[in-house]
Amino acid sequence: MTTRNLVTGGAGFLGSHLIDRLMHAGEEVICLDNYFTGRKDNIRHWLGHPNFELIRHDVTDPIRLEVDRIWHLACPASPVHYQFNPIKTAKTSFLGTYNMLGLARRVGARLLLASTSEVYGDPEVHPQPESYRGCVNTIGIRSCYDEGKRIAETLCFDYQRMHNTEIRVMRIFNTYGPRMLPDDGRVVSNFIVQALQGQPLTLYGDGSQTRSFCYVDDLIEGMIRLMNGANTGPINIGNPGEFTIRQLAELVRDRINPSLELTTRPLPQDDPLQRQPVIDLARQELGWEPKVTLEQGLEPTIAYFRERLANAAC
Ligand code: NAD
Ligand code: UDP
């Protein structure tokens, strides 16, 4: 019998790449999305396929479906989008995860939660292992997302303890690749779009803060291994290659138009100073590590945005 998968947030960046992998493996997929930041275009190529169904639904409302696996990704991921309506973001994280865990419990499905490195907040421990409990501001402008994901993790483990629900918790570090939105607001897409449009690249602060960027194909491989494996997590999935934001700007600029300027903008409140995953657990438990360097992953990402912007201009 084929596995029946529910992918919440399936029309988004990561969800649509996951759906491609599941569909290519011959599995059944229900994609559920409210299209807040997702696009039908990301999954249009599967419409009409007998193994694929699309449901417009908001995870803050309960839903009844018969599925074996729930990949729970629904939640805006970019600060620009999750701060647009922070109360809705907190509702999506709490109620959305609660509803999906309720569904998992009723039908005996395994649920994977797309959690985040943001549970570590602005970390005092560097790099961050899963055992680090984080340094999160409970009342800042990032809290709706950071605290939302923390309570979502808590709910998963309480469902496991109380109801034996099968859970997998994945802490995703900054991931980039084709199908990010040009106006997504995250740093990789911002820099590429700015450079392709011949505009200066906007460094927030002095650009000395760091992030570790994982290419989407590596990330999805880690997600699938976690779902298929025996370890509940939380497990960090990310690329340990750490870059300052200024280094990223230079890498992008040099590939697109070396004559462009870098300009500065104020650093947003609570912007973490540094971030790098410890991935020993993923290596041991999942036999996973990233294969694509930032230099390699930027190429298909730039090509994707070049084509999208060219089509938008037609
Ligand atoms: P994305 O914004 O592209 O995708 C999120 C999807 O969820 C969108 O299709 C959106 O329309 C949908 N959605 C949002 N709220 C919803 C709701 N209430 N009901 C139904 N659908 C809803 O973001 P992404 O980068 O693909 O992120 C996917 C998941 O991975 C998110 O949970 C995010 O927190 C997590 N994550 C991503 C990253 C990253 O770097 N991309 C890092 C850490 C965690
Ligand atoms: N950033 C930047 N310029 C931009 C967008 C983001 O310098 O145009 C910075 C941002 O302040 C942060 C880092 O890049 O320090 C990563 O931001 P992003 O929104 O991609 O992810 P997150 O902060 O959630 O890791």
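Counting starts at 1 for both ligands and their atoms, in listed order.
Geometrically, ligand 1 and Pro76 share no nitrogen or oxygen pair separated by less than 3.5 Å. Considering both main-chain and side-chain atoms, Asp33 comes within under 3.5 Å of ligand 1 through a nitrogen or oxygen pair. Between Ser115 and ligand 1, a contact under 3.5 Å exists for no N or O pair. The shortest N or O to N or O distance between His72 and ligand 1 is not below 3.5 Å. Residue Gly15 has no N or O atom closer than 3.5 Å to an N or O atom of ligand 1. Polar contact check, Arg186 against ligand 2: no nitrogen or oxygen pair lies under 3.5 Å apart. Taking only nitrogen or oxygen atoms, main chain and side chain alike, Ile172 does not reach within less than 3.5 Å of ligand 1. Note: an N/O pair closer than 3.5 Å links Leu14 and ligand 1 by distance alone. Where the criterion is an N or O separation shorter than 3.5 Å, residue side chain and backbone included, Glu118 meets it with respect to ligand 2. When only interatomic distances are considered, the shortest N/O to N/O separation between Thr116 and ligand 1 does not fall below 3.5 Å. Geometrically, ligand 2 and Val187 share a nitrogen or oxygen pair separated by less than 3.5 Å.
Ranking the protein heavy atoms by distance from atom 33 (C) of ligand 1 puts Tyr145 OH, 3.5 Å first. Annotation: atom 40 (O) of ligand 1 to nearest protein heavy atom, Thr175 N, 2.8 Å. Protein heavy atom closest to atom 23 (O) of ligand 1, with residue, atom name and distance, is Ala77 CB, 3.5 Å. Scanning the protein for heavy atoms near atom 10 (C) of ligand 2, the closest one is Asp271 OD2, 3.4 Å. Of all protein heavy atoms, the one lying nearest to atom 5 (C) of ligand 1 is Cys75 O, 3.3 Å. Asp58 OD1, 3.0 Å is the protein heavy atom nearest to atom 18 (N) of ligand 1. For atom 4 (O) of ligand 1, the closest heavy atom belonging to the protein is Gly12 CA, 3.6 Å. With hydrogens left out, the protein atom closest to atom 22 (C) of ligand 1 is Asn34 OD1, 3.0 Å, a heavy atom. Nearest non-hydrogen protein atom to atom 13 (C) of ligand 2 is Ile245 CD1, 3.6 Å. Nearest protein neighbour of atom 5 (C) of ligand 2, counting heavy atoms only, is Tyr204 CE1, 3.3 Å. Ranking the protein heavy atoms by distance from atom 2 (O) of ligand 1 puts Thr37 OG1, 2.6 Å first. Counting only heavy atoms of the protein, atom 21 (O) of ligand 2 lies nearest to Asn174 ND2, 3.4 Å. Remark: minimum distance from atom 3 (N) of ligand 2 to any protein heavy atom is reached at Thr202 O, 2.7 Å.
Less than 4.0 angstrom separates some heavy atom of Gly38 from each of these atoms of ligand 1: 8 (C), 9 (O), 10 (C), 11 (O). Atom numbering of ligand 1 starts at 1 in the shown order; those under 4.0 Å from a heavy atom of Tyr35 are 11 (O). Distances below 4.0 Å separate heavy atoms of Arg275 from the following atoms of ligand 2: 25 (O). Of all atoms in ligand 1, listed by their number and element, those nearer than 4.0 Å to a heavy atom of Ala74 are 7 (O), 20 (C), 21 (N), 22 (C). Under a 4.0 Å criterion applied to the non-hydrogen atoms of Lys149, ligand 1 contributes the atoms 31 (C), 32 (O), 33 (C), 34 (O). Near Leu203, meaning under 4.0 Å from one of its heavy atoms, ligand 2 places the atoms 7 (O). Residue Gly9 has at least one heavy-atom neighbour below 4.0 Å for each of these atoms of ligand 1: 6 (C), 7 (O), 9 (O), 12 (C). Below 4.0 Å from some heavy atom of Ala11 lie the following atoms of ligand 1, by number and element: 9 (O). Remark: ligand 1 atoms within the under-4.0 Å shell around heavy atoms of Asn174 are 40 (O).
Using a 4.0 Å cut-off between heavy atoms, Arg142 contacts ligand 2 through its side chain alone, with no backbone atom that close. Of the heavy atoms in Asn190, only side-chain atoms (C-beta onward) come closer than 4.0 Å to ligand 2. Residue contacts with ligand 2, taken as heavy atom pairs separated by less than 4.0 Å, do not involve Val188 at all. Contact annotation: for Arg265 versus ligand 2, there are no heavy atoms closer than 4.0 Å.
Heavy-atom distances between Pro79 and ligand 2 reach below 4.0 Å in at least one pair. Using a non-hydrogen distance threshold of 4.0 Å, Gly96 does not register as a contact of ligand 1.
A salt bridge links Glu289 to Arg283: at least one charged side-chain nitrogen sits closer than 4.0 Å to a carboxylate oxygen. At a threshold of 4.0 Å, the pair Asp20-Arg179 counts as salt-bridged, since one of the basic side-chain nitrogens sits closer than that to a carboxylate oxygen. Under a 4.0 Å N-O distance rule, the pair Arg255/Glu299 qualifies as a salt bridge. A salt bridge between Arg225 and Glu285 is absent, with no side-chain N of the basic residue lying under 4.0 Å from a carboxylate O of the acidic one. A salt bridge is defined here as a Lys NZ or Arg NE, NH1 or NH2 lying under 4.0 Å from an Asp or Glu carboxylate O, and Glu147 with Arg150 meets this definition. Comment: Asp271 engages Arg211 in a salt bridge, judged by a side-chain N to carboxylate O separation of less than 4.0 angstrom. Salt-bridge check for Arg142 with Glu118: passed, with a basic side-chain N closer than 4.0 Å to an acidic carboxylate O.
From Glu221, atom CD reaches atom CG of Leu226 across 11.5 Å, with rounding to the nearest 0.5 Å. Here the CG-NE2 distance, from Leu65 to His57, works out to 8.0 Å after rounding to the nearest 0.5 Å.
Looking at Tyr304, Phe191, Phe243, Tyr215 one by one, the single match for ring-ring contact (aromatic ring centres under 6.0 Å, His included) with Tyr176 turns out to be Tyr215. The only member of Leu267, Thr210, Leu203 that meets side chain to side chain contact (heavy atoms under 4.5 Å, CB included) when paired with Ile245 is Leu203.
Taking each of His57, Arg186, Met180 in turn, the one with a heavy atom nearest to atom 41 (N) of ligand 1 proves to be Arg186. With atom 19 (N) of ligand 1 as the reference point, the heavy atom nearest to it among Thr97, Val59, Thr92 is part of Val59.
Ile172 and Met100 fall into different hydrophobic clusters, where Ile, Leu, Val, Met, Phe, Trp and Tyr side chains are chained together by heavy-atom contacts under 4.5 Å. Tyr145 and Leu113 fall into different hydrophobic clusters, where Ile, Leu, Val, Met, Phe, Trp and Tyr residues are linked whenever their side-chain heavy atoms come under 4.5 Å apart, directly or through other members.
What you find for Phe157 and Gly233 is that their closest heavy atoms are CZ-O, 3.4 Å.
The aromatic rings of Phe94 and Tyr98 sit parallel to each other, their planes meeting at less than 30°, with 60° as the upper class boundary.
No side-chain heavy atom of Val136 sits less than 4.5 Å from a side-chain heavy atom of Val119. For the pair Cys75 and Lys149, the minimum side-chain heavy-atom distance is below 4.5 Å.
His81 and Gln83 are not linked by any side-chain donor-acceptor pair at a separation below 3.5 angstrom, with hydrogens and angles left out of the test.
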### Task
Kindly indicate, with the supporting measurements, whether the criterion salt bridge (Lys or Arg N to Asp or Glu O under 4.0 Å) is fulfilled by Arg308 and Asp41.
CA-CA 12 Å; Arg308 261 201 83 168; Asp41 271 352; over 6 Å; no
